[in-house]
Amino acid sequence: MTSSTQNAIGLVQFPGSNCDADCIEAFKRLFQIDLHLIWHEEHEIPAHIQGLILPGGFSYGDYLRSGALAAFSPIMQSVKKFAERGGAVLGICNGFQVLCESKLLPGTLLKNVQRKFVCEMTSLSVTSEGKSPWHKALAGKSYRVPIAHGEGNYYIDQAGLKKLQSQGQILFQYSDDKGQASATSNPNGTLLNIAGIVSENGRVMGMMPHPERASSELLGSDDGAAILKVFMDTALKA
């Protein structure tokens with residue numbers, strides 16, 4: 001890894017983030033990259049940053065609703081500008097919720113249908129319709145990645161859903177061991193088993209499962225490493 005890419009990936013930290021350390025460790029171990037930490041009160045993203053991660057956790061204690069207050073953090077205006085310029089952004093769990101609340105991704109995350117916090121290993125399949133770098137790199141296999149959330153029930157109105165489908169923006173679906181999305185493989189009531197989506201240009205991706213927690217066999221699965229690598233490659237090859 002060249003020195004120019006050593007800290008070209010930024011990680012935004014909100015009060016209540018608790019998966020930032022997991023991301024820092026995973027990127028250092030997998031890719032020898034030191035993530036550049038960006039506190040939520042900052043107003044600018046350093047010019048050398050090529051990719052941004054919004055980690056999981058409970059930003060602002062999930063007051064009001066998950067991700068709602070973080071969407072108004074000072075740094076988020078710069079995150080929006082970064083995304084508008086074509087920068088690569090990955091939102092994980094609470095980060096996905098923040099992206100939706102910030103309108104960087106469509107839809108919203110509602111409370112789990114069972115009204116309980118769910119923490120378990122899930123199986124993810126990649127939809128065949130998309131043409132994003134994520135779809136191209138990850139298609140053809142399933143991924144065992146854990147979830148840990150109370151508001152992972154993805155929802156969008158019918159017009160929005162039709163647009164997601166027609167533009168190939170649905171990336172991950174919760175599935176069974178054969179890669180089939182079904183009611184029994186849906187852990188939270190999410191619409192169409194949706195676990196992750198991408199923006200129209202494929203540069204912004206949000207997902208509820210935690211790939212950083214599935215980055216080593218010691219954690220029960222290393223399938224998340226492939227997902228993190230696609231993000232890194234997407235960011236650094238811009």
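Sequential numbering from 1 along the given sequence is applied to the chain's residues.
Of all heavy-atom pairs spanning Pro133 and Gly202, the tightest one is CD-O, 4.1 Å. The two residues Gly206 and Leu105 come nearest to each other via the heavy atoms N-CD1, 3.5 Å. When all heavy atoms of Val204 and Leu104 are compared, the pair lying nearest together is CG1-O, 4.4 Å. Closest non-hydrogen pair, Val98 versus Ser59, comes out as CG2-OG, 4.2 Å. Annotation for Pro209 and Thr122: closest pair CG-OG1, 4.5 Å, computed over non-hydrogen atoms. When all heavy atoms are compared, the tightest approach of Gly57 to Asn18 is CA-OD1, 3.0 Å.
In this structure, Val145 is not a member of the same hydrophobic cluster as Leu219, with clusters built from ILVMFWY side-chain heavy atoms closer than 4.5 Å. Transitive grouping of hydrophobic side chains (ILVMFWY, heavy atoms separated by less than 4.5 Å) keeps Trp39 and Ile75 in distinct clusters. Under a hydrophobic-cluster definition in which Ile, Leu, Val, Met, Phe, Trp and Tyr are linked whenever side-chain heavy atoms come within less than 4.5 Å, directly or via other members, Val113 and Met208 are assigned to different clusters. Note on Met205: it clusters hydrophobically with Leu236, by side-chain heavy-atom contacts below 4.5 Å among ILVMFWY residues.
Side-chain N or O atoms of Asn193 include one that pairs as donor or acceptor with a backbone N or O of Tyr174 at under 3.5 Å. A donor-acceptor pair is defined here as one N or O able to donate and one able to accept, closer than 3.5 Å; no such pair exists between the side chain of Asn153 and the backbone of Leu109. The main-chain N or O of Arg144 is found under 3.5 Å from a side-chain atom of Ser221 such that the two form a donor-acceptor pair.
Using a 4.5 Å cut-off between side-chain heavy atoms of Ile, Leu, Val, Met, Phe, Trp and Tyr, Tyr155 falls into a hydrophobic cluster with Leu110.
Residues that satisfy the side-chain contact (heavy atoms from CB on, under 4.5 Å) test with Phe27, not counting sequence neighbours, are Phe31, Leu35, Ile53, Leu228, Phe231, Met232. With sequence neighbours excluded, no residue forms a salt bridge (charged side-chain N to carboxylate O under 4.0 Å, His left out) with Lys162. Every residue was checked against the salt bridge (charged side-chain N to carboxylate O under 4.0 Å, His left out) condition with Lys81, not counting sequence neighbours, and none meets it. Here Glu200 pairs with Lys163, Gln167, Gln169 under the side-chain contact (heavy atoms from CB on, under 4.5 Å) rule; sequence neighbours left out. Partners of Lys28 according to the salt bridge (charged side-chain N to carboxylate O under 4.0 Å, His left out) rule, which considers only residues two or more places apart in sequence or in another chain, are Asp34. With sequence neighbours excluded, the residues forming a side-chain contact (heavy atoms from CB on, under 4.5 Å) with Ser123 are Ser142, Ser175, listed by chain and number. Checked against side-chain contact (heavy atoms from CB on, under 4.5 Å), Ala226 has the following partners two or more places apart in sequence or in another chain: Leu138, Tyr143. For Glu25, the salt bridge (charged side-chain N to carboxylate O under 4.0 Å, His left out) partners at least two apart in sequence or on another chain are Arg29.
Inter-residue side-chain proximity for Glu212 and Ile92 is flagged as met; some heavy-atom pair is nearer than 4.5 Å. Val89 has its side chain out of reach of Arg203: every pair of non-hydrogen atoms, C-beta onward, lies at least 4.5 Å apart. Ser17 is listed as a side-chain neighbour of Asp20, based on a closest heavy-atom distance under 4.5 Å. Contact of the Phe172 side chain with the Ile227 side chain is registered, since non-hydrogen atoms from C-beta on lie closer than 4.5 Å. Residues Leu11 and Ile38 are not in side-chain contact: their nearest non-hydrogen atoms beyond the backbone lie 4.5 Å or more apart. Residues Phe14 and Leu69 are not in side-chain contact: their nearest non-hydrogen atoms beyond the backbone lie 4.5 Å or more apart. Contact annotation: the side chain of Ile147 approaches that of Val118 to within less than 4.5 Å [non-hydrogen atoms, C-beta and beyond]. Inter-residue side-chain proximity for Leu192 and Gln165 is flagged as met; some heavy-atom pair is nearer than 4.5 Å.
Distance check: Ser185 OG to Leu124 CG gives 10.0 Å after rounding to the nearest 0.5 Å. For the atom pair CG (Leu99) and NZ (Lys80), the distance works out to 10.5 Å, reported to the nearest 0.5 Å. In this structure, CD on Gln97 lies 6.0 Å from CD on Glu151, to the nearest 0.5 angstrom.
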Item to complete: Report the C-alpha separation of Thr127 and His135 in whole Å, then their side-chain angles, then the decisive distance to 0.1 Å, and conclude whether the side chain to side chain contact (heavy atoms under 4.5 Å, CB included) test is met.
Response: CA-CA 7 Å; Thr127 61; His135 290 86; 3.4 Å; yes

Worksheet item: How far apart are the C-alpha atoms of Leu30 and Lys229, what are their side-chain angles, what is the distance that settles it, and do they pass the side chain to side chain contact (heavy atoms under 4.5 Å, CB included) test?
Response: CA-CA 9 Å; Leu30 294 172; Lys229 186 176 188 304; over 6 Å; no

Discussion item. Side chain to side chain contact (heavy atoms under 4.5 Å, CB included), that's the test. Do Ile24 and Leu37 meet it? Break it down for me.
Written reply: CA-CA 9 Å; Ile24 292 167; Leu37 305 184; 3.7 Å; yes

Worksheet entry | Chi angles and distances behind the side chain to side chain contact (heavy atoms under 4.5 Å, CB included) call for Leu54, Phe96 | CA-CA 8 Å; Leu54 276 60; Phe96 184 14; over 6 Å; no

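Identified under the ring-ring contact (aromatic ring centres under 6.0 Å, His included) test for residues 58-82, with sequence neighbours left out: His40-Tyr60. Listed by first and then second residue, the ring-ring contact (aromatic ring centres under 6.0 Å, His included) pairs involving residues 181-214 amount to none (not counting sequence neighbours). Among residue pairs with one or both ends in residues 101-120, those qualifying as side-chain hydrogen bond (donor to acceptor under 3.5 Å, both in side chains) are Arg65-Glu101; sequence neighbours excluded.
Under the 3.5 Å distance criterion, with hydrogens and angles disregarded, no donor-acceptor pair is assigned to the side chains of Asp176 and Ser182.
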